[in-house]
Amino acid sequence: VVAVALAGTALLVHAAGLNPWWLLPVCVIAALGWSLRRATARNG
Amino acid sequence: VNAVALVLTVFVACAVEAVEALTIVLAAGLTREWRSTFQGMAIALAVLAVVVAVVGPALTLFPLGVLRLVVGALLAVFGLQWLRKAILRASGYQDLHDESGIYQRQVTAARAAAAGGRHGVHDWYAFTLSFKGVLLEGLEVVFIAITFGSNQGSIGLAALGAVAAVLVVAAVGVAARAPLARVPENTMKFAVGVMLTSFGVFWGAEGAGVSWPGHDAALLVLVPVIVLVATGYTLLLRRAHAAGPAVPGRPPRAAAGTSPVTSGEGS
């Protein structure tokens, strides 16, 4: 997720000329939530 | 602000790993033999010094943008793993790290292992136990110190934080001659997870070409946001864990502690 978010950020910066500073924090927070959800579903 | 955060993050991360290494060294030294234990520790420290001497200067050869992209990604992944573990422990889904329990298991294994020397080492078991413990815990610290230091351009400050933590933990360990079971390890793990994730996101995005609003001051927003989100996840999971699965007739599990991160630790 982190690698994909970084690739997406770089793409938006260099190809579209945007400044998506928010993209990586949002993806990291979502990744943490998703990872916790998977772990708790497994552990019960 | 970044220099203080750098030293504090490296200090706390190093202290967590040093506490774990101390437990192993004490188990080897007190139950087997101190001389072989110190030999294992010394060789592990020498290997770590070589890693620092080789990897540290090598990192300066990369352009800063590439370095921040790669190191940012690694730190974010690393930080998320620390944070995930700390949240799962604080919410009751995983057992808290029990330094006394780990020490007892190591002591039992050390007592049961056969005596014998090899390659000029009097007690090979004590040597390898101490060597592996110090090397494995140390590699994590070296990674954090080198990546933080090189990105901030202050390897010296990072080294200062790491050495200070090792000295403090070693001094307390020597004084107590027992594993440091009262250290609030989960809180420290939570704090380091927050800092690694925040710095990883900051540097990773910068390496990808992003210009942060407010430049370095963005970290003053990023760190509290990650703290709030992680605390929120902890509280949500703790509530879910306390409620337990919806089984008719089954009472809900008791919620542990009051603080979102420290529940039941250091006791």
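In what follows, every chain begins at residue 1, and chains take the letters A, B, ... in the order their sequences are listed. A quick note: this is a predicted structure, and the numbers were derived from the prediction, not measured.
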Nearest-0.5 Å distance that lies between atom CD in B:E17 and atom SG in B:C14:
8.0 Å

Pairwise distance CD1(B:I87) to OG1(B:T231) - rounded to 0.5 angstrom
8.0 Å

Is the backbone N or O of A:I29 less than 3.5 Å from a side-chain atom of B:Y233, with the two atoms forming a donor-acceptor pair by type?
yes

Exam field: side chain B:R238 to backbone B:G92, donor-acceptor pair closer than 3.5 Å:
no

What part of [X] is in contact with chain A, defined as an atom under 4.5 angstrom from a non-hydrogen atom: side chain, backbone, both or neither?
X	value
B:V201	both
B:L80	both
B:L222	side chain
B:S198	neither

Among A:V13, A:L12, A:V2, A:N19, residue most engaged with chain B (heavy-atom pairs, under 4.5 Å)
A:N19

Among B:G79, B:G200, B:P213, residue most engaged with chain A (heavy-atom pairs, under 4.5 Å):
B:P213

Can you confirm whether B:I144 sits close enough to B:F78 that some side-chain heavy atom of one is under 4.5 Å from a side-chain heavy atom of the other?
yes

